[in-house]
Number of protein chains: 2
Amino acid sequence: MQDGSRHDEPRLGAGLRRPRLLSVEKNMTTGKHLDRRSVAGPTVTRADVRDAALTLFALRGFHGTSLKQVAQAVELRTPSLYNHIDSKADLLQDIVLTTLVEVNDEFEQALAFDEDPRGQLERATHIYVLHHAVHRREALVVNQDTQHLPEPFLSEAQALRRRHERRFRQVIAEGVDAGQFEVPSAKLASFAVREMCVSVARWFDAAGPLSATDVADTYTLHALRLVGAR
Amino acid sequence: MQDGSRHDEPRLGAGLRRPRLLSVEKNMTTGKHLDRRSVAGPTVTRADVRDAALTLFALRGFHGTSLKQVAQAVELRTPSLYNHIDSKADLLQDIVLTTLVEVNDEFEQALAFDEDPRGQLERATHIYVLHHAVHRREALVVNQDTQHLPEPFLSEAQALRRRHERRFRQVIAEGVDAGQFEVPSAKLASFAVREMCVSVARWFDAAGPLSATDVADTYTLHALRLVGAR
DNA sequence: CCTACCGATCGGTAGG
DNA sequence: CCTACCGATCGGTAGG
């Protein structure tokens with residue numbers, strides 16, 4: 001990888017994947033931009049714009065990122081972004097809601113695997129950590145910027161979040177009822193476990209000594225201990 | 001309390017203490033603002049401005065808050081804020097650095113109380129949770145907006161954070177060495193415990209059924225279990 | 001995909 | 001403490 005742009009660095013605020021830079025450069029003779037459609041190579045897609053926004057939103061926050069910066073990252077002029085998006089909020093909505101739906105889907109799949117609360121907590125925690133390690137940028141944007149979604153998307157996002165919360169707590173409560181777990185409060189235990197997992201996105205480094213699976217394994221142990229699993 | 005403005009509501013994004021509204025109103029006859037210095041009652045202080053900024057930054061983020069909003073919250077015009085502050089970033093710096101110094105001080109006091117790693121972890125966790133429940137707004141701003149500090153304050157804030165991280169991990173490592181704790185990784189355990197505590201600021205409700213001390217007690221148990229305390 | 005341009009708002013200053 | 005005002009930048013549109 002010649003420019004190293006796919007290399008994840010360790011520090012938050014500097015360690016996120018950088019947006020793809022196209023090889024088409026400004027024409028130094030005329031000062032004009034080449035028409036991308038007239039040269040070889042791919043055109044910018046909505047996915048490219050989304051990816052650039054994802055990186056920048058994760059790094060600087062939604063309100064700390066301008067569309068000009070997004071445009072620069074994909075080597076377009078700001079108005080050209082509107083060929084791919086409806087608005088700045090549209091980008092945020094796409095990122096946040098897609099991510100929350102994915103998290104809920106993964107969660108339900110984890111639960112469906114077996115009916116034992118201990119097994120369910122193990123799988124749900126593992127996949128949740130894995131998600132936050134692998135999809136760091138998405139997780140950071142969801143955590144930082146969900147509040148900035150316009151309605152009705154804010155309500156939709158909050159509903160998805162609450163669903164995950166409720167189902168997670170339910171698993172712990174069922175474990176308590178089954179005599180497998182023992183906690184002062186299923187609610188506080190679920191809050192603690194979930195936030196512990198979420199925070200992995202803030203420091204995880206794919207280039208570091210620990211793989212996402214390593215971290216997920218350890219955090220699953222943390223969760224089992226926290227709920228007093230026998 | 002007549003206007004209920006000190007009442008903390010449960011939901012994040014709506015439940016933070018609202019800034020103090022002074023009783024001096026716009027003169028409805030002339031449309032002009034009364035000179036606060038010529039009437040009875042307190043003048044706006046820097047502390048008032050800081051408090052209003054604290055609430056708004058916690059609610060909408062640093063870049064999501066305008067100085068006009070801060071000014072409105074203390075019933076001033078925007079330029080008048082500059083009698084109390086040097087810049088918008090000045091407000092953020094005050095909030096973030098003061099909070100981080102306090103957290104470190106509280107932490108060191110907790111450690112000084114005894115030399116037993118288990119006792120140290122208990123006290124450090126307890127005070128850390130308590131801080132995040134009692135100073136929700138400060139904690140939210142530190143977590144959301146530290147990244148937006150200009151240098152050299154950003155570096156200073158990061159150093160204070162790393163110090164807390166390092167010392168916290170040290171306590172866990174010492175507990176492991178003493179045979180009191182058992183963890184796969186002192187680093188991951190300290191990350192997990194700290195972030196679990198920090199997240200309390202996101203949902204704690206002073207008007208809810210659980211007191212800050214209740215939550216701190218439960219989270220201290222979570223921490224002890226997580227590190228495998230005997 | 002671009003250039004040209006829009007009104008609104010931003011943080012901040014001058015001057016009283 | 002205010003009014004008046006500054007240049008810069010914002011998200012977004014018109015029109016090709």
Side-chain angles (χ1 to χ4, degrees), chain A residues 21-27 30-49 52-53 56-57 60-94 145 148-150, chain B residues 21-27 30-49 52-53 56-57 60-94 145 148-150:
Chain A
L21 293 180
L22 299 176
S23 56
V24 179
E25 299 287 348
K26 189 186 279 192
N27 185 315
T30 66
K32 288 190 177 179
H33 285 255
L34 297 174
D35 186 333
R36 214 171 300 279
R37 288 164 299 190
S38 69
V39 298
T43 293
V44 170
T45 64
R46 169 162 174 118
D48 295 327
V49 174
L56 289 165
F57 290 174
R60 314 178 205 262
F62 178 70
H63 284 308
T65 302
S66 68
L67 287 181
K68 188 176 183 181
Q69 292 172 319
V70 175
Q72 276 175 341
V74 292
E75 293 193 339
L76 289 181
R77 305 293 179 165
T78 308
S80 302
L81 292 178
Y82 287 86
N83 292 310
H84 304 287
I85 65 174
D86 290 336
S87 66
K88 192 187 179 190
D90 172 41
L91 273 171
L92 181 62
Q93 174 228 323
D94 182 0
D145 292 316
H148 299 126
L149 279 176
Chain B
L21 292 181
L22 298 176
S23 57
V24 178
E25 299 288 349
K26 189 185 278 191
N27 184 316
T30 67
K32 287 190 177 179
H33 284 256
L34 296 175
D35 186 335
R36 214 170 300 278
R37 287 165 301 190
S38 68
V39 298
T43 293
V44 170
T45 64
R46 168 160 176 120
D48 295 327
V49 174
L56 289 165
F57 291 173
R60 315 177 204 264
F62 179 69
H63 284 309
T65 302
S66 67
L67 287 181
K68 188 175 184 182
Q69 293 173 318
V70 176
Q72 276 174 341
V74 293
E75 294 194 336
L76 289 181
R77 305 292 180 169
T78 309
S80 303
L81 292 178
Y82 287 86
N83 292 311
H84 304 287
I85 65 174
D86 290 336
S87 66
K88 192 187 180 192
D90 172 41
L91 274 171
L92 182 62
Q93 174 228 323
D94 183 0
D145 293 316
H148 299 125
L149 279 176

Are any of A:Ser66's side-chain N or O atoms less than 4.0 Å away from OP1 or OP2 of D:dT9?
no
Got a donor-acceptor contact below 3.5 angstrom from the B:Asn83 side chain to the B:Ser80 backbone?
yes
To the nearest Å, give me how far apart CZ (B:Arg77) and C1' (D:dC1) are.
11 Å
With the side chain of B:Leu67 defined as its heavy atoms from C-beta on, choose the nearest nucleotide among D:dG12, C:dC1, C:dG12.
C:dG12
Rounded to whole Å, the CD-P distance (B:Gln72 to D:dC2) equals 12 Å
Both distances below 3.5 Å, Watson-Crick or wobble geometry, any strand: find the nucleotide opposite C:dG15.
D:dC2
Rounded to the Å, how far apart are B:Lys68 NZ and C:dG12 P?
16 Å
For A:His84, report the nucleic acid contact type (base, sugar-phosphate, nothing); a contact means any heavy atom under 4.0 Å.
sugar-phosphate
B:Ile85 CD1 to D:dC1 C1': how many Å, rounded?
15 Å
A:Tyr82 OH to D:dC10 C1': how many Å, rounded?
10 Å
Listed nucleotide nearest any side-chain atom of A:Pro79, set C:dG12, D:dG12, C:dC1:
D:dG12
Is there a donor-acceptor contact under 3.5 Å from the side chain of A:Asp48 to the main chain of A:Thr45?
yes
Give me the ring orientation class for B:Phe62 and B:His148: parallel if the planes are under 30° apart, tilted from 30 to 60°, perpendicular past 60°.
parallel
Once you round it to whole Å, what is the distance between C1' of C:dG12 and CG of B:Leu76?
16 Å
Heavy-atom pair of closest approach, residues B:Thr78 and B:Lys68
OG1-CA, 3.5 Å
Rounded to whole Å, the CG-P distance (A:Leu81 to D:dG12) equals 10 Å
Who is the Watson-Crick or G-U wobble partner of D:dT9, with both distances under 3.5 Å?
C:dA8
Just by modelled atom types, is the B:His84 backbone N or O under 3.5 Å from a matching donor or acceptor in the B:Arg46 side chain?
yes
Roughly, in whole Å, what's the span from NZ in B:Lys88 to C1' in C:dG11?
8 Å
